[in-house]
There are 2 protein chains.
Amino acid sequence: MLMSQLSAATDTPVPTLKFYLREGLLPAGTPLSQTRADYDESHVRRVRVIRALTETVGLSVQQTRGVLAVVDDPGPSLFDAFGRALSHLPPEVPEQDDYPRARAALGALGWMCDPGYPAVRQLENAIAAAEAVGVPLDEARLRAYAPHIRGIAQYDMDGIPEDPDAAIAYAVLGTAAHEPVIAALRRLAHQDIAATR
Amino acid sequence: MLMSQLSAATDTPVPTLKFYLREGLLPAGTPLSQTRADYDESHVRRVRVIRALTETVGLSVQQTRGVLAVVDDPGPSLFDAFGRALSHLPPEVPEQDDYPRARAALGALGWMCDPGYPAVRQLENAIAAAEAVGVPLDEARLRAYAPHIRGIAQYDMDGIPEDPDAAIAYAVLGTAAHEPVIAALRRLAHQDIAATR
DNA sequence: AATGTTAGATAGTTGCACTACCCAATGCAA
DNA sequence: TTGCATTGGGTAGTGCAACTATCTAACATT
């Protein structure tokens, strides 16, 4: 498949594909000559993934590169790779000394989480933002949310494939790609509950 | 409170405050003279809300303006105002003729949702993105997620205040501000489940 | 009266995600 | 084989968003 055909198959302009190549998001095709290269189905899938991550999940090109790099080369520890991949997901938050709100929340729930884990920073930031906006995450809400979130996460974890490479792709992309789905469903559930009152 | 004091109170540079004024995010202070104006606690809160919505929830300045405009002036119908406010939340998706995936999902769940509702578009887009990434939202996953999401949404709706103005602010800002919290907690639940295995 | 600060307006900067252009090397048709 | 369109790869430019810096006249403070 020539680049123009890859362009047609993914509905993406050729200059944009070149941009993805330059940025290291898309692996080069196998060169057929100095002036043409062959792209295959894996490239088509890759472009679709890139566009889904950037447009719908809302990742920047940099973040997408980071996530895909981990998926492409997870390294020996799945657990560690998962953490590294998640550190590229938004929102990006500055490193801090302490995470009082997040520690309080996790302590109340009894969840075991390494404080160095990026999601702890994100939680701290998110709780602080909710406070600033005037809808604080009080303990009652936390306790109401927690079992449901855990139920969702439990389903996620139960479905993880055996194969390590597939596992990391499933875990990372599933975490990222299902977040907008969950957000949209929550908004629609609000709507449905309001409508049936 | 002078603008410089508002700047100090919110840890926001004066030029940025001026930018928010120009963009219509921040209401003008009451002028004390031609060259100074008085800002009060409501302005401090407003700046905090603006920064939380833009930095943590990830709204653009335009989207923030749209959301705040609805919160400031909800109009007669709460239900309608809620829909209008949510249409400003990300991800922004183009209007389409049909929403096959979203309709199938909502049909399977038996949720009553107006197809013109913006969250339906967002759901359609999110499901399509998950498919593209290789982690499709199959019916089993949908059925596993749905009761938990509904549980979260139920708690949200139960807490809505009586006063209409407070209700719309609570509903809109709560929907937006708790999304990052839920996302972070889900990521941490993954971590906790993996760790305790 | 001298000095410094402020509000408001205008213009400039930075970063990101493309997008347009150019060129040499093909591939293809006649 | 000749000529022309196409391709890959590189460089440079564009458009937008979110600030940020500068300027000016009108104040307030000393």
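Heavy atoms only: backbone and side chains are in, while hydrogens, waters and symmetry mates are out. Order of the sequence lines sets the chain letters (A, B, ...), proteins ahead of strands, with each chain counted from 1.
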Subject >> Whole-Å distance separating the CG atom of Leu32(A) from the P atom of dT7(D) >> reply: 13 Å
Original post:
Below 4.0 angstrom from OP1 or OP2 of dT7(D), is there any side-chain N or O of Ser33(A)?
Top reply: no
Kindly give the atom pairs (protein nitrogen or oxygen, nucleotide nitrogen or oxygen) under 3.5 Å for nucleotides 18-21 of chain C.
unit_1  : atom_1 : unit_2   : atom_2 : d
dT19(C) : OP2    : Thr16(A) : OG1    : 3.4
dT19(C) : O4     : Arg22(A) : NH2    : 2.9

Subject >> Between dT11(D) (P) and Leu21(A) (CG): distance, integer Å >> reply: 15 Å
**OP:** Please name all residues satisfying side chain to side chain donor-acceptor pair (under 3.5 Å) with Arg45(A), sequence neighbours left out, ordered by chain then number.
**Re:** none
Original post:
Could you give the CG-to-C1' distance, from Leu17(A) to dA17(C), as a whole number of Å?
Top reply: 14 Å
Subject >> Rounded distance (Å) that lies between atom C1' of dT7(D) and atom CG of Leu2(A) >> reply: 7 Å
Original post:
Looking at the side chain of Arg36(B), which of dT6(C), dC16(C), dG9(D) is the nearest nucleotide?
Top reply: dT6(C)
**OP:** Report yes or no: does Tyr155(B) contribute a side-chain atom to a donor-acceptor pair with the main-chain N or O of Arg141(A) at less than 3.5 Å?
**Re:** yes
**OP:** Applying side chain to side chain contact (heavy atoms under 4.5 Å, CB included), name anything that partners Ala195(A), two or more places apart in sequence or on another chain.
**Re:** none
Original post:
Near Gln62(B) CD, under 6.0 Å, is it more than 12 heavy atoms from other residues, nucleotides or ligands?
Top reply: no
Original post:
Would you say a side-chain N or O of Gln62(A) is under 4.0 Å from OP1 or OP2 of dC16(C)?
Top reply: yes
Original post:
If only side-chain N and O atoms of Ser4(A) are considered, is one of them under 4.0 Å from the OP1 or OP2 phosphate oxygen of dT7(D)?
Top reply: yes
Original post:
Could Arg46(B) and Asp72(B) be called an ion pair, given the rule that one side-chain N must be under 4.0 Å from one carboxylate O?
Top reply: yes
**OP:** Report yes if the side chains of Asp38(A) and Leu2(A) come closer than 4.5 Å at any heavy-atom pair, otherwise no.
**Re:** no
**OP:** Please report, rounded to the nearest Å, how far the C1' atom of dG10(D) is from the CD atom of Gln34(A).
**Re:** 14 Å
